[in-house]
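Please see the structure below; I have some questions.
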2 protein chains.
Amino acid sequence: MHLAAFDEDIDPTEKFREFLQTKGMRLTPEREAVVTAVYATHDHFDAEQWVANLSQRGRKDGASRSTIYRTLSLLVEAGLLRRVARANDREVYEHDYGYPQHDHLICSKCGDMIEFANDVISETLEKVANAHGFRMSGHRLEVEGVCAKCLRPPQRSHRRLDMI
Amino acid sequence: MHLAAFDEDIDPTEKFREFLQTKGMRLTPEREAVVTAVYATHDHFDAEQWVANLSQRGRKDGASRSTIYRTLSLLVEAGLLRRVARANDREVYEHDYGYPQHDHLICSKCGDMIEFANDVISETLEKVANAHGFRMSGHRLEVEGVCAKCLRPPQRSHRRLDMI
DNA sequence: GTCCATGCAAACTGTTTGCATTCTT
DNA sequence: AAGAATGCAAACAGTTTGCATGGAC
């Protein structure tokens, strides 16, 4: 258990390096730029957001569009990121390392994503999966509706749909 | 309550016609071809499936790609169809009229979608939404994993990923 | 020298849209 | 004649890929 606990504590970049090693790949400066950027804040994001940001930084500090996409997929494989939902036709990512499993209420007005964790749901899913002889590896639950902020109508909402 | 009960019983085409009327639109032969095709069996499907099928039928019996896409969106608006998931980058639809709310186990090997209904989940979601002052209008729950059939390995699976 | 990784531009895919034409009323 | 609907082809957006170049060991 000590090892497991420790394993949970090493930082994402290190975890990524380990993952890459097992596949005979290297943690290049570009890849590192992506992990660092993405893990700088615990926010939902999509690929293009980081393309806009990272692709104009100088070399060794940023990465090109293709590298970003390729790296995000690797990070998902590595268990560091999770594809949670889709907003505006874009895949939305979030941290999947050191954070408890949770789902999202997605406001169809402002696009805000509200996280919530609920054990009943995961337990129920386990049961349902078992009952069907299905080996569950994960799930994606998007609850659509309108958030509290947007329900108070007069004041216009400050967030726009395309801001995720 | 009588009206409601009756309303549940009229056939999808009629329901669609009513919906269109409220928007000043007509139930054209093309639109009818789409509803009929789509409601012929209670199966999951994607747009391209029907494009392949309907776009080569003679006029008045089929419809073009654009009309199909446009009609599917109308059917969703009308509450006749639901976008349930995404498989192979395609939006997957299913009937949303006369069928109880349910969710899906999606096999990542063969692509099979197993429906299941579970009250606990919907009740829990209600509670969670309320707790956040969120007005829920629906949800999308995709459970990923491997189905029972694909877990028995030796016999190769008969369904392919790209068959939905 | 070999293998991995990058960036660019082109390709791909599902879906949407502009537009000229046709149908309905 | 006005409005709505169609089909075609082009546009679109996000993502993926082929390929020539560059870097690490």
Side-chain angles (χ1 to χ4, degrees), chain A residues 16-17 19-35 44-78 81 83-93 161-162 164, chain B residues 16-17 19-35 44-78 81 83-93 111 161-164:
Chain A
F16 193 32
R17 188 203 305 281
F19 167 81
L20 290 169
Q21 245 158 28
T22 70
K23 309 200 59 174
M25 297 170 146
R26 298 190 308 261
L27 180 65
T28 63
E30 290 85 354
R31 285 178 182 155
E32 192 166 353
V34 177
V35 209
H44 298 111
F45 64 90
D46 64 47
E48 288 303 322
Q49 232 165 81
W50 288 113
V51 171
N53 185 315
L54 292 179
S55 68
Q56 45 202 26
R57 293 205 197 155
R59 287 208 87 212
K60 307 285 148 184
D61 195 27
S64 72
R65 167 177 272 104
S66 358
T67 298
I68 293 174
Y69 275 95
R70 286 191 271 238
T71 306
L72 290 179
S73 290
L74 287 169
L75 287 167
V76 169
E77 252 190 85
L81 291 183
R83 297 195 170 99
V84 236
R86 283 205 134 223
N88 308 330
D89 277 325
R90 296 175 182 186
E91 211 60 52
V92 177
Y93 294 80
L161 237 186
D162 48 23
I164 294 227
Chain B
F16 192 32
R17 188 202 306 281
F19 167 81
L20 290 169
Q21 246 157 30
T22 71
K23 308 199 61 174
M25 297 170 147
R26 300 190 306 262
L27 180 64
T28 64
E30 290 84 352
R31 284 177 184 157
E32 193 166 352
V34 177
V35 208
H44 299 109
F45 64 90
D46 64 47
E48 289 302 321
Q49 233 165 81
W50 288 113
V51 170
N53 185 315
L54 292 178
S55 68
Q56 43 201 27
R57 294 207 195 154
R59 286 211 86 211
K60 307 285 147 183
D61 194 28
S64 72
R65 167 178 271 104
S66 354
T67 299
I68 294 174
Y69 274 96
R70 286 191 271 238
T71 305
L72 291 178
S73 290
L74 287 170
L75 287 168
V76 170
E77 252 192 85
L81 291 182
R83 297 195 170 100
V84 236
R86 212 152 228 267
N88 308 332
D89 276 325
R90 295 174 182 186
E91 211 59 51
V92 177
Y93 294 81
L161 237 185
D162 47 22
M163 294 179 75
I164 294 224

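A note on names: the letters A, B, ... follow the listed sequences, proteins ahead of strands, and every chain is numbered from 1.
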Between CG of B:Leu54 and C1' of D:dC8 the distance, given in whole Å, is 17 Å

Could you check how far CG of B:Leu75 sits from C1' of C:dT15, rounded to whole Å?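 B:Leu75 atom CG is separated from C:dT15 atom C1' by 16 Å.
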
**Q.** Side-chain (B:Arg31) to main-chain (B:Arg26) donor-acceptor, under 3.5 angstrom
**A.**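 Side chain of B:Arg31 to backbone of B:Arg26, a donor-acceptor pair under 3.5 Å: yes, one is there.
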
Writing each nucleotide of DNA chain D 5' to 3' as (, ), [, ], | or . by Watson-Crick or G-U pairing under 3.5 Å yields |||||||||||||||||||||||||

*Within the structure, does a side-chain N or O atom of B:Thr28 lie under 4.0 Å from either OP1 or OP2 of D:dA5?*
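No, outside the criterion.
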
Protein-proximity profile, nucleotides 14-20 of chain D, B/S/- by nucleotide at the 4.0 Å heavy-atom cutoff, equals SBBBB--

(Q) Tell me the interatomic distance from A:Gln21, atom CD, to C:dA5, atom P, rounded to whole angstroms. (A)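 Distance, rounded to whole Å: 12 Å.
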
Check your understanding: Between atom CG in A:Asp61 and atom P in C:dT6, what is the gap in whole Å?
Key ->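 Computing the A:Asp61:CG to C:dT6:P distance gives 14 Å.
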
#### Entry: Euclidean distance, atom CZ of residue A:Arg17 to atom P of C:dC4 [Å, nearest integer]
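Spelled out: CZ on A:Arg17 to P on C:dC4 is 18 Å.
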
Taken to the nearest whole Å, CG/B:Leu20 to C1'/C:dT25 is 17 Å

Any side-chain to backbone donor/acceptor pair from A:Asp46 onto A:Glu48? Under 3.5 Å, distance only. yes

*Assign the ring pair A:Tyr93 / A:Phe45 to parallel, tilted or perpendicular, where the plane angle (0 to 90°) is split at 30° and 60°.*
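Parallel: the ring planes of A:Tyr93 and A:Phe45 meet at under 30°.
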
Whole-Å distance, B:Met25 CE to C:dT24 P, equals 17 Å

| request: Using only side-chain N and O atoms of B:Arg26, determine if any of them is under 4.0 Å from OP1 or OP2 of D:dG3. | output: no

### First of B:Ser64 and B:Lys23 reached from the 5' end of DNA chain D, by closest nucleotide
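Mapping each residue to its closest nucleotide by heavy atoms, the 5'-most match is B:Lys23.
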
For the pair made of CD1 in B:Ile68 and C1' in D:dT6, what is the distance, rounded to whole Å?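 Nearest whole value for this atom pair: 12 Å.
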
